[in-house]
Student: 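This is the structure I have questions about; it appears just below.
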Amino acid sequence: MKLSLGPLLYYWPRQQVFDFYEAVAASDVVDVVYLGETICSRRHELRDEDWFEIAARLKAAGKEAILSTQTLIESESDLKTLRRIVENRDFRIEANDMGAVRLLAAAGCRDWIAGATLNVFNSATLALLAADGANRFAAPPEMSGADIAGLRAGLPVPIETEVFAYGRLPLAYSARCFTARHYNLQKDACEFLCMQDSDGMLVRTREGEAFLTINGIQTQSARVCNLLADINLIAGYAEILRISPQSAHTLEIAALFREVLDGRITPAAAFESSLALMPEAPCNGFWHGRAGHDLVARENTGQPSAAPAADTACASTEPPEPPISETAPSASLSRLSLSSFLPAGLRAFLEARFKNWVKSPHSRLPPFTVPEPLARINAHLPKFPPTLALTTALNLAPESILPRAPLAPLTGRRLCLRVLDAGLQLDFTLGANGRFHPCRTSANTPPEMIISASLRDFIALALGEEDADTLFFARRLVMEGDTTLGVLVKNTLSSARWSVVPVRARDGIER
């Protein structure tokens, strides 16, 4: 069985794309590489010549390089690009719309690939495409293994089949650009803001549950499809496994697939190893004929147990987090001496609330609100102890987690952190020595900058589950006062990653 790398679905800077495919060329784990812009023609970092150049480099490295066509053809310029791809004779082509199929058939091409976006779900349609020259079929991601087996059984002549085995599931396409709409921009004046999200933009429900990922005109799942544990089942139904490129750990994931295919590791062990490399919780529901976001257990074949039940797919654009260990700050709130600064009632509530949540490395912070009676009590308690806890945590953060240099403009400025549902208002400042200090609340010297959010959202920021920009545009993070300070603080919150504090640092805090 071969491994393929699907086309890059996201908009990355030019040099990042070249560096990525240079690493792919140097790797020996991938056999087939699909190239080209399949989402939006406005993504102009790479031109046709660049994709041809990358394809030639991969071919020289012993890979099968395939050019993928755009999924939605909307203009004469899109059609011109499509014609140029079809006219090339150096590389095979993956057709992702029926316009490409027509041009390939008219050109007499007999060795092209029927892409997953052709939505082939029956053997009669696939036989028609095969008669027009298709000799490989990429199954739609939502197609079950049983359906693939039935489709192949109904073909008069066997055809090479490819299964989507890893990555965020492509679900739908639209003429409207959802990323531009998010920023209240027209599609033709999008300012190329999708480049800010190297793995797409997470969408949440009103309850805070991760739901979908938007990627320009494409809608993706939030969870990440991972069929590592199902390889033994796929073996009789497909000849190629496709891995969709992500901004981190793509080749490491591919290496795990290769080790399973070569018999050096069991599927269950590879699946467990992949969890620390994934940007979000895994799913395999579609393959088993279930809801796509499900993770179906296969105890009888040694596959992993099912994930906690969820009503929505979930994914994240944040960098992947390591599994929660005994030394992780969230593993037990009572283990941190800093938690002693919290009121006893609030500490007990948080411990009870998160006791089950911390057991799973893929569970996300559940929605919650501090009970109103507790908030009223907190509002009348001294502010110094919780403020001291906050400033101590900030001062303990290593430079790699919270760089001090960008914070220099905050020196001597009075800041306020307002935890809306907890009834807390924490006033502090940055001293000339680069350390944060509590401030006494005073009506005569109001804060120059106030940051307001719920306790849940502040914790999610610290864990890296949320970013400041997402909360800000969702009006869940409110900033008042000096605009310059506000931008500085927001950018600092976005770049800080408390959840990756080294184990030694965590141990030091606990002691």
Student: Ignoring hydrogens and angles, state whether a donor on the side chain of Y10 or Q16 is under 3.5 Å from an acceptor on the partner side chain.
Tutor: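 Per modelled atom types, Y10 and Q16 side chains form no pair under 3.5 Å.
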
Student: Go through the side-chain N and O atoms of S274 and N226 and say whether any donor and acceptor fall under 3.5 Å apart.
Tutor: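 The criterion, which ignores hydrogens and geometry beyond distance, is satisfied for N226 and S274.
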
Student: Could you walk me through whether R223 and D294 pass salt bridge (charged side-chain N to carboxylate O under 4.0 Å, His left out), step by step?
Tutor: CA-CA 9 Å; R223 288 196 178 217; D294 286 349; over 6 Å; no

Student: If only side-chain N and O atoms count, and only distance matters, is there a donor-acceptor pair under 3.5 Å linking R168 with Q246?
Tutor: yes

Student: Under the 3.5 angstrom rule, does the side chain of N215 hit a backbone N or O of G200 as a donor-acceptor pair?
Tutor: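 Judged by distance alone, no pair lies under 3.5 Å.
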
Student: Cation over ring, R418 on F458, under 6.0 Å and within 45°?
Tutor: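 Because its charged atom misses either the 6.0 Å distance or the 45° angle limit, R418 does not stack over F458.
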
Student: Between E45 and Y11, is there a side-chain heavy-atom distance shorter than 4.5 Å?
Tutor: yes

Student: Which distance, rounded to the nearest 0.5 Å, do you find between the CZ of R42 and the CD of E37?
Tutor: 12.0 Å

Student: Measuring only between side-chain heavy atoms, which start at C-beta, is F178 closer than 4.5 Å to M201?
Tutor: no

Student: Donor-acceptor pair, D457 side chain versus S454 backbone, under 3.5 Å?
Tutor: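 No; zero donor-acceptor contacts below 3.5 Å.
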
Student: Using a 3.5 Å distance criterion without hydrogens, assess whether the side chain of D197 forms a donor-acceptor pair with backbone atoms of D199.
Tutor: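 Side chain of D197 to backbone of D199: no pair is present.
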
Student: Is the shortest distance from a Lys or Arg side-chain nitrogen in D482 or R413 to a carboxylate oxygen in the other one below 4.0 Å?
Tutor: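 Salt bridge between D482 and R413, a charged N being under 4.0 Å from a carboxylate O: yes.
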
Student: Does the S4 side chain pair with the main chain of G6, one donor and one acceptor, at a distance under 3.5 Å?
Tutor: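 No; judged by distance alone, with no hydrogens or angles, the pair does not exist.
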
Student: Quick one: does T213's side chain have a donor or acceptor within less than 3.5 Å of a partner on S221's backbone?
Tutor: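 Yes, because the side chain of T213 sits within donor-acceptor range (under 3.5 Å) of the backbone of S221.
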
Student: Strictly distance-based, threshold 3.5 Å: is any side-chain N or O of T391 a donor or acceptor partner for the main-chain N or O of T387?
Tutor: yes

Student: What's the spacing between L35 CG and L58 CG if we round to 0.5 Å?
Tutor: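 Taking CG in L35 and CG in L58, the distance rounds to 5.5 Å.
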
